[in-house]
J.: 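One structure is given below, represented as structure tokens, and several questions about it will come after.
Computation of the quantities below employed the complete heavy-atom set of this structure, encompassing side-chain atoms and omitting hydrogens, waters and symmetry-equivalent molecules.
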Amino acid sequence: MTVGPFLLGAAKSVHILTPAATVRRIINMTAVASTNANVGKAK
């Protein structure tokens, strides 16, 4: 399973999906983005 790509070094997290992304990839990226948003609130 592929998750990514990620853009590193930005002040905030950035998640990129290609137009060819499958539904599963969109759901996985949504889960990663949600987790990153919750981690950012804890700081």
Side-chain angles (χ1 to χ4, degrees):
M1 170 178 18
T2 302
V3 177
F6 297 98
L7 176 64
L8 301 176
K12 301 208 180 213
S13 61
V14 177
H15 307 286
I16 302 166
L17 289 169
T18 63
T22 62
V23 172
R24 179 179 292 245
R25 189 166 293 172
I26 294 169
I27 291 170
N28 288 339
M29 187 59 74
T30 302
V32 170
S34 176
T35 301
N36 285 345
N38 287 331
V39 169
K41 287 182 181 180
K43 290 182 179 182

J.: For Leu17 and Met29, work out which heavy atoms get closest and say how close.
T.: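 Nearest pair, atom of Leu17 first, then Met29: CD2-CB, 3.9 Å.
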J.: Side chain to side chain contact (heavy atoms under 4.5 Å, CB included) between His15 and Thr30: does it pass, once the steps are laid out?
T.: CA-CA 9 Å; His15 307 286; Thr30 302; over 6 Å; no
J.: Listed by chain and number, what are the side chain to side chain contact (heavy atoms under 4.5 Å, CB included) partners of Ser34, not counting sequence neighbours?
T.: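 Asn38.
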J.: Quick one: side chain to side chain contact (heavy atoms under 4.5 Å, CB included) partners of Ile27, sequence neighbours excluded?
T.: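 With neighbours one apart ignored, the set is Val23.
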